[in-house]
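Worksheet: the structure to be examined is printed underneath.
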Amino acid sequence: MRWSRTLIPTLKEDPADAEVVSHKLMVRAGLMRKLASGAYTYMPLGFRALNKALQIVREEMDNAGAIEILMPAVHPAELWEKTGRLAELGDTMMHIYDRQNRHFVLGPTHEEIVTDLVSREVKSYKQLPLNLYQIQTKFRDEIRPRFGVLRTREFIMKDAYSFDVDAEGLEKSYQAMYDAYCKIMERCGLKYIVVEAESGAMGGDVSAEFMVPCSAGEDLLATCTQCDYAANMERTQPAPLPEAQAEEKPLTEKATPGARTIEQVCEFLKAKPKKLVKTIIYKAGDETIAALVRGDHEVNEAKLARLLGCEIETADAEAIEKATGAPVGFAGPVGLGIKIIADQGVLSVRNFVTGANKADTHYLNVNLGRDFKPARIADIRFAVEGDNCHKCGAALHIQRGIEIGHVFKLGTKYSKKLGADYLDENGQTHPAIMGCYGIGINRIIAAAIEMSHDDKGIIWPAGIAPYQVEVIPLNLDMPEIIELADKVYAELDDAGLEVLMDDRDERPGVKFNDADLIGLPVRVVVGKKAMAQGGVEMKLRGEPGPQLISPENVIEEVKKRLES
RNA sequence: CGGGGUGUGGCGCAGUUUGGUAGCGCGCUUGAAUGGGGUUCAAGAGGUCGGAGGUUCGAAUCCUCUCACCCCGACCA
């Protein structure tokens with residue numbers, strides 16, 4: 001492709017509305033433009049990169065035995081009612097109504113649709129296992145789209161759904177997808193970490209996320225510095241903290257006027273947050289309960305909900321006052337008449353500070369066991385930097401990451417509700433055992449750029465670069481240069497390489513800077529300097545210094561470099 | 001949805017405090033010079049100052065409402 005014939009509008013300055021590098025560079029390098037918050041047009045270069053990633057995903061899915069289909073983006077709302085997810089995910093779905101006011105949603109994911117299909121078409125164990133996948137645009141009414149293409153309202157996803165006769169089959173299907181995902185990440189040039197994850201609204205209890213570690217990521221993940229433990233922070237289990245051994249001091253009431261938050265109390269008492277224990281009141285089903293964590297920790301509501309076996313939400317001011325008899329900010333476990341769940345970390349402090357269930361008052365020297373007895377002591381907090389691995393005891397490292405893919409073992413949640421049953425050899429009916437496997441194509445591009453760029457621009461991993469080679473003719477006033485550049489371009493093209501030639505009548509500096517910006521892996525410069533020595537220059541993006549090569553060897557040399 | 005911020009030519013911004021009819025850089029067009037890391041000179045094109053209403057002789061500027069976008073939070077496969 002010739003630059004002059006396509007559309008690559010590069011920008012010298014960062015767009016004002018971009019925060020993260022990938023967003024800035026995708027706009028500056030002319031990959032995409034924003035239409036509205038969370039909705040982007042992919043221009044030629046961006047679309048090519050997207051297609052590269054997509055093709056890799058498709059090939060690996062096919063290799064893993066998954067079968068491609070295409071489902072609609074428009075779904076009747078009824079189908080979502082059947083599984084209860086219309087209520088559960090309703091606000092994250094885009095709702096549309098047809099002219100007869102029938103209710104439809106734009107698909108945020110396709111478990112319902114594919115399961116409905118399979119329930120109709122698959123009747124026998126002989127048809128299983130089956131793994132159906134599609135590559136399609138998903139719609140989610142995100143509360144806050146952000147970070148360019150990392151969180152959008154419309155995005156391309158590859159989603160696969162496996163159906164098996166038993167747990168053993170599911171394990172195989174799951175493993176095949178897991179392995180395929182590893183290959184995809186590698187082929188896309190992404191460094192990645194696989195972490196244990198929270199299944200959330202998908203259901204099921206085993207899931208793993210494929211994360212690309214980088215500062216722009218929205219997720220926090222913990223990895224063990226010694227063993228192979230890695231988990232999303234939502235799921236990370238810290239090693240239990242050692243129990244405190246200090247001598248118990250007498251319980252004391254202390255006036256703390258106006259000090260409600262941990263910061264305020266610490267300031268007032270000149271104490272460290274870890275010497276405090278905070279009491280958070282939750283509505284758990286019909287019950288109101290109190291969760292206790294150390295002042296420097298945070299309650300992990302997913303863990304708490306799982307422990308209690310029901311959905312929870314933080315209580316409102318009214319409920320808190322009713323439960324504690326005190327205004328918000330002074331709740332404490334001593335004398336509290338509701339069920340108390342204490343985090344294990346609370347055991348690591350003695351003589352701590354808590355609210356006194358009385359306005360403007362805290363207790364000093366509170367001790368678990370002596371002053372109150374929790375119904376349960378469990379892990380209900382988020383891990384923090386400084387925590388240790390619960391498997392091997394070594395330090396945990398916490399970092400940010402971009403979630404590229406997520407694989408789930410779903411079990412029978414959907415197949416039961418939607419009647420995806422099969423008959424076994426004995427004519428017995430069973431629900432199919434399902435797994436689902438998603439990967440965000442757009443995020444592959446953004447993550448690759450986050451991971452691989454410098455102050456000049458993008459440095460594409462070869463696997464997903466929009467073109468493999470950029471040919472830059474300089475000194476366009478010399479016909480022999482144009483002739484040689486055309487020849488090199490044609491030969492590379494004929495050799496099956498993807499070539500972009502910057503044929504614009506621009507100054508060298510402009511072309512070099514744009515070449516660095518768009519970041520294609522190999523750059524071939526045809527100019528009078530090299531020509532005087534009978535050659536052309538070749539350089540890898542991200543590596544210094546071009547080297548002179550003979551025009552006859554261009555194809556061979558380019559190929560060699562692309563493979564390295 | 002709560003808090004904060006920003007909307008001025010294609011892009012990035014100044015001007016708003018103190019009202020007087022719009023400016024800078026980049027980009028774009030034409031011409032000339034230049035020609036290996038965003039070159040220079042000259043001449044141009046291009047703006048309902050996000051939108052609506054109001055105050056005023058006069059509004060980018062003041063007031064009211066509204067829309068969009070960004071950030072933090074809540075929320076979220």
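A note on names: the letters A, B, ... follow the listed sequences, proteins ahead of strands, and every chain is numbered from 1. Scope of the values below: all heavy atoms of this structure, side chains included, with no hydrogens, waters or symmetry mates. Only a predicted model underlies this, so the values are computations on that prediction, with no experimental measurement involved.
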TODO: Give the rounded distance in Å between these two atoms: CG of A:Leu476 and P of B:U34.
DONE: 16 Å
Task: Any N/O donor-acceptor pair, A:Glu537 side-chain to B:G36 base, under 3.5 Å - done: yes
Open item on the list: Nearest to the A:Ile143 side chain among B:G27, B:G35, B:C1, which nucleotide is it?
Closed with: B:C1
Open item on the list: Considering every strand and a 4.0 Å limit on heavy-atom distances, what is the contact class for A:Asp141: base, sugar-phosphate, or nothing?
Closed with: nothing
- [ ] Sticking with atom P, work out how far B:A74 lies from B:C67, rounded to a whole angstrom.
- [x] 25 Å
Task: Distance-only donor-acceptor test, A:Asn513 side-chain atoms vs B:G37 base atoms, 3.5 Å - done: yes
Task: Interatomic distance, A:His23 NE2 vs B:C69 P [rounded to whole Å] - done: 12 Å
Open item on the list: Taking only the C1' atom of each, what is the distance from B:U34 to B:A42 in whole angstrom?
Closed with: 15 Å
Task: Sugar-phosphate only, base, or nothing, as touched by A:Asp91 at under 4.0 Å among non-hydrogen atoms - done: nothing
- [ ] Find which nucleotide of RNA chain B each of A:Ile439 and A:Pro15 is nearest to by heavy atoms, and output the residue with the more 5' nucleotide.
- [x] A:Pro15
Open item on the list: Rounding to an integer number of Å, can you tell me how far A:Asp14 CG sits from B:C70 P?
Closed with: 16 Å
TODO: Would you tell me whether A:Asn131 and A:Ser173 have side-chain atoms, one donor and one acceptor, within less than 3.5 Å of each other?
DONE: no
- [ ] State which of B:C69, B:G73, B:G38 makes the closest approach to the side chain of A:Asp514.
- [x] B:G38
Task: P-based separation of B:U66 from B:C1 [nearest Å] - done: 12 Å
- [ ] Identify the nucleotide, in any strand shown, that forms a Watson-Crick or G-U wobble pair with B:C76, with both distances under 3.5 Å; if there is none, say none.
- [x] none
Open item on the list: At less than 4.0 Å, is any side-chain N or O atom of A:Thr92 found next to OP1 or OP2 of B:C75? Yes or no.
Closed with: no
TODO: Would you indicate, yes or no, if B:G36 has its OP1 or OP2 atom less than 4.0 angstrom from a side-chain nitrogen or oxygen of A:Lys511?
DONE: no
TODO: For the residue pair A:Leu31 and A:Val27, establish whether any side-chain heavy-atom pair is separated by less than 4.5 Å.
DONE: no
TODO: Specify the residue among A:Asp477 and A:Glu403 whose closest nucleotide of RNA chain B lies further upstream toward the 5′ end.
DONE: A:Asp477
TODO: Mind checking A:Pro108 for me? I need base, sugar-phosphate or nothing, with any heavy atom below 4.0 Å counting as a touch.
DONE: base
Open item on the list: Quick check for you: among B:G37, B:G25, B:C76, whose closest atom lies nearest to any side-chain atom of A:Arg151?
Closed with: B:C76
Task: From A:Ile56 atom CD1 to A:Met185 atom CE, the distance as rounded to the nearest 0.5 Å - done: 11.5 Å
Task: Salt bridge present between A:Asp17 and A:Lys24 (N-O < 4.0 angstrom) - done: no
- [ ] Name all pairs fulfilling the ring pair (Phe, Tyr, Trp, His ring centres under 6.0 Å) condition that reach into residues 1-39 of chain A, sequence neighbours left out, sorted by first residue then second.
- [x] A:His23-A:Tyr40
Task: Nearest-Å distance for atom pair CZ/P, residues A:Arg507 and B:C41 - done: 13 Å
TODO: Look at all strands and tell whether A:Arg33 reaches a base, only sugar-phosphate, or nothing, counting heavy atoms closer than 4.0 Å.
DONE: nothing
Open item on the list: B:C70, OP1 or OP2 - any side-chain N/O from A:Lys34 closer than 4.0 Å?
Closed with: yes
TODO: Compare the minimum distances between each of B:G38, B:C76, B:C11 and the side chain of A:Glu13, then state the nucleotide with the smallest one.
DONE: B:C11
Task: For B:G12, the Watson-Crick or wobble partner whose two distances fall under 3.5 Å - done: B:C24
- [ ] Round to a whole Å and report the spacing from CZ of A:Arg153 to C1' of B:C69.
- [x] 11 Å
Open item on the list: Using a distance-only criterion (donor-acceptor N/O pair, under 3.5 Å, no hydrogens), is the base of B:G12 paired with the side chain of A:Asp17?
Closed with: no
- [ ] Using distance alone, with no hydrogens and no angle criterion, decide if A:Lys278 and A:His297 have a side-chain donor and acceptor under 3.5 Å apart.
- [x] no
TODO: Could you check whether A:Arg523 gets within reach of a base, just the sugar-phosphate, or nothing at all, counting any heavy atom under 4.0 Å?
DONE: base
Task: Distance-only donor-acceptor check, side chains A:Asn232 and A:Glu196, under 3.5 Å - done: no
TODO: Among B:G12, B:C11, B:C28, find the nucleotide with the atom closest to the side chain of A:Leu11.
DONE: B:C11
Task: Electrostatic pair A:Lys417-A:Asp116, nearest N-O below 4.0 angstrom - done: no
TODO: Mind listing the residues from residues 528-536 of chain A sitting with a heavy atom below 4.0 Å of RNA chain B? Number order is fine.
DONE: A:Lys528, A:Lys529, A:Ala530
Open item on the list: Tell me whether the side-chain N/O atoms of A:Arg146 come closer than 4.0 Å to OP1 or OP2 in B:C69.
Closed with: no
- [ ] Tell me which nucleotide among B:G37, B:G12, B:C70 gets nearest to the side chain of A:Pro508.
- [x] B:G37
Open item on the list: Roughly how many Å apart are B:G23 and B:G46, using the C1' atom of each and rounding to a whole number?
Closed with: 14 Å
Task: Watson-Crick or G-U wobble mate for B:C69, both contacts under 3.5 Å - done: B:G5
Task: Complementary nucleotide of B:U34, counting Watson-Crick and G-U pairs under 3.5 Å - done: none
Open item on the list: If I take atom CZ in residue A:Arg144 and atom P in nucleotide B:C1, what distance separates them, rounded to the nearest angstrom?
Closed with: 15 Å
Open item on the list: Heavy-atom count check: over 12 atoms from other residues, nucleotides or ligands less than 6.0 Å from A:Glu318 CD?
Closed with: no
TODO: Determine the interatomic distance between C1' on B:G47 and the same-named atom on B:G12; round to the nearest Å.
DONE: 16 Å
- [ ] Return the value, rounded to whole Å, for the distance between atom CG of A:Leu89 and atom P of B:C76.
- [x] 10 Å
Open item on the list: When the C1' atoms of B:C26 and B:A45 are compared, how many Å lie between them, rounded to an integer?
Closed with: 16 Å
- [ ] Could you tell me the separation between the CG atom of A:Leu517 and the P atom of B:C11, rounded to a whole number of Å?
- [x] 18 Å
Task: Validation row, ring centre A:Tyr181 to ring centre A:Tyr192 under 6.0 Å - done: no
Open item on the list: Please report the distance separating the P of B:C70 from the corresponding atom of B:U17, rounded so that it comes out in whole Å.
Closed with: 29 Å
Task: C1' spacing across the pair B:A14 / B:G9, given as an integer number of angstrom - done: 14 Å
- [ ] May I ask you to say what A:Gly527 touches in the nucleic acid, namely base, sugar-phosphate or nothing, with a heavy-atom cut-off under 4.0 Å?
- [x] base
Task: Axial cation check for A:Tyr174 ring with A:Lys409, 6.0 Å and 45° limits - done: yes
